[in-house]
Amino acid sequence: MNKGLIALSPLLVFILLYLVTSLIAADFYKVPITVAFMLSSAYAVVINGGIPLRKRIDTFSKGAGTGQMMLMIWIFVLAGAFANSAKVMGSIDATVNLTLNLLPGNMLLAGLFLAACFISLSIGTSVGTIVALTPIAAGIAHHTGASVPMLTAIVAGGSFFGDNLSFISDTTIVATSTQGCKQSDKFHVNSFIVVPAALVILAVYILTGSGVRSPQSIPDIEYVKVIPYIAVLITAVFGMNVMAVLTMGLLLTGIIGLYGGAFDVYGWFQSMGDGIIGMGELIIITMMAGGLLEMIKQGGGIDYIIRHITRRIRGKRGAELSIAGLVSLVNLCTANNTVAILTVGGIAKQIGDRFGVDNRKCASILDTFSCTVQGLIPYGAQMLMAAGLAAVNPVSILPYLYYPLAVGIAALAAIIFRYPRKYS
């Protein structure tokens, strides 16, 4: 068997172990995702023969402990501590009551989606948006009887609006840097593609949300308990580092909770500890996914994908489709849209230059398709974070992820029908 295919086989093992067996059992809780990752990771270490076992384990550990992986883990730790501390202090209930009071009953879904789009566009990060809004969305679901996975998906999906468009998003910076174009130019191309998709999905949420009504009796709003979330949202909008935002939010929950008698110092510490423990599975998955993907990369799996997808390109449309397929496949393997763009950016530039693809369109394709895939995979950081904060299975969110799917369809249509004309 081809070496590249062998290198990619751990990903297939993971899919078979988790998705296929869960579908057969008709229960996505039947096979723990941690076990699927553990077994596929062990398989990845075993099949990479020809080098000492210790070196293979070191390679896996290197992938599991990269700077980017550790940064994600620290964010998960702080997010867990903040989310649970805020919950125990009463911040989530107060924020939910305020939201229910401000939004018309039939605009809850559309309002959540707009909030996610606006915040992510302002702060440039889907993870930060998910951290800020998911607990509120889950709280609204519990108060209104709406589906928790559906409201979580609205926030997670909308968070990719800004991840894709924002001037300060990592994906925008990397895409424009690798293609040698201005962020403003890429923004214009992207807007033509994704804004119509966002408007369509907003209309869908307005229509489907007409049956989601606010409770007749809304408790009095304790405004002081809303302060941690408002502070988190405002500081995030102004571009503060997500770890600094979460730390500040955590301190605010402690101060307000202690002052209001929600807990004492030991109770605050306990709430933070419980929140961190609640993120344990997410942290384990993140590390094992990083190690697994490093083994695939070292075995030549990524190179195999790149080599085969660029073999039969004909013309601009074919070049654009190849770039879209390339970044999508690498994103499936790396579970990180920024890393996917970094990995294929140089190759995409070469393909674009060779076949006359506008570099602004090329940057847009890289960013849009990577965000589409990242928004639809259950093992990506965003879905794992959203699922962890809402206490649901990441796979249960997938059927409701309308916006990432709509963006993917719009981006594919833009390639096939040569749209927008100015950049095609």
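If you read the sequence from its start, that first residue is 1, and numbering goes on from there.
No side-chain donor-acceptor contact under 3.5 Å links N337 to the backbone of C371. Proximity of a side-chain donor or acceptor of S120 to a complementary backbone N or O of G162 within less than 3.5 Å is detected. For the pair T178 (side chain) and A175 (backbone), a donor-acceptor distance under 3.5 Å is present. In this structure, the side chain of S370 engages the main chain of D367 through a donor-acceptor pair within 3.5 Å. A donor-acceptor pair under 3.5 Å is absent between the side-chain atoms of T134 and the main chain of V131, judged by distance alone. Side-chain atoms of T171 do not come within 3.5 Å of backbone N or O of T338 as any donor-acceptor pair. Between the Q179 side chain and the R360 main chain, no donor and acceptor come within less than 3.5 Å of each other.
Note that OG of S85 is 6.5 Å distant from CH2 of W268, once rounded to the nearest 0.5 Å. Distance check, rounded to the nearest 0.5 Å: CE of M89 to CZ of F82 gives 8.0 Å. Here the straight-line distance linking atom CE of M287 with atom CG of L292 works out to 13.5 Å at 0.5 Å rounding. With values rounded to the nearest 0.5 angstrom, F160 atom CZ is found 8.5 Å from L376 atom CG. Atom CD1 in I24 sits 9.0 Å away from atom CG in L16 (nearest 0.5 Å). Note that the CG atom of N359 and the CG atom of D353 stand 7.5 Å from one another [nearest 0.5 Å].
Residues I230 and I227 are not in side-chain contact: their nearest non-hydrogen atoms beyond the backbone lie 4.5 Å or more apart. For the pair T172 and L165, the minimum side-chain heavy-atom distance is 4.5 Å or more. In this structure the side chain of Y403 reaches within 4.5 angstrom of the side chain of V194, judged on heavy atoms. Residues Q298 and K62 have side chains in contact (heavy-atom distance under 4.5 Å, counting atoms from C-beta outward). Between M385 and I75 there is a side-chain heavy-atom pair separated by less than 4.5 Å. The side-chain heavy atoms of M383 and L401, taken from C-beta on, include a pair separated by under 4.5 Å. With contacts defined as side-chain heavy-atom distances shorter than 4.5 Å, the pair I397/V392 qualifies. Contact check for P378 versus L398: side-chain heavy atoms found under the 4.5 Å cut-off.
Across all non-hydrogen atoms, the minimal contact from I206 to A110 is CG1-CB, 3.6 Å. Among all heavy-atom pairs drawn from I256 and V224, the shortest one is CD1-O, 3.4 Å. Contact record, V327 with F369: CG1-CB, 3.8 Å, taken as the closest heavy-atom pair. For the residue pair Q382 and S126, the shortest heavy atom distance occurs at NE2-OG, 3.0 Å. Considering all non-hydrogen atoms of both residues, I415 and K361 come closest at CA-NZ, 4.5 Å. The minimum heavy-atom distance between K186 and C181, with the atom names listed, is CB-SG, 4.5 Å.
No hydrogens or angles considered: a donor-acceptor pair under 3.5 Å links the side chains of Y43 and S9.
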Query raised in the report: Should M272 and T253 be marked as a side chain to side chain contact (heavy atoms under 4.5 Å, CB included) after you check the CA-CA gap, both sets of side-chain angles, and the distance that decides it?
Result: CA-CA 10 Å; M272 286 191 284; T253 59; over 6 Å; no

Report task. Could you walk me through whether I283 and V77 pass the side chain to side chain contact (heavy atoms under 4.5 Å, CB included) test, one step at a time? Result -> CA-CA 8 Å; I283 291 168; V77 167; 3.8 Å; yes

Query - Intermediate values then yes/no, side chain to side chain contact (heavy atoms under 4.5 Å, CB included), K182 and H188 - result: CA-CA 10 Å; K182 294 179 181 177; H188 289 141; over 6 Å; no

Requested in this report: Take N331 and I341 through the test side chain to side chain contact (heavy atoms under 4.5 Å, CB included) and record every step on the way to the result.
Outcome: CA-CA 8 Å; N331 205 123; I341 297 171; over 6 Å; no

**Report entry** Steps toward side chain to side chain donor-acceptor pair (under 3.5 Å) verdict (N190, S364)
**Finding:** CA-CA 6 Å; N190 252 165; S364 176; 2.7 Å; yes

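Applying the 6.0 Å contact sphere to NZ of K87 captures no more than 12 heavy atoms from other residues, nucleotides or ligands.
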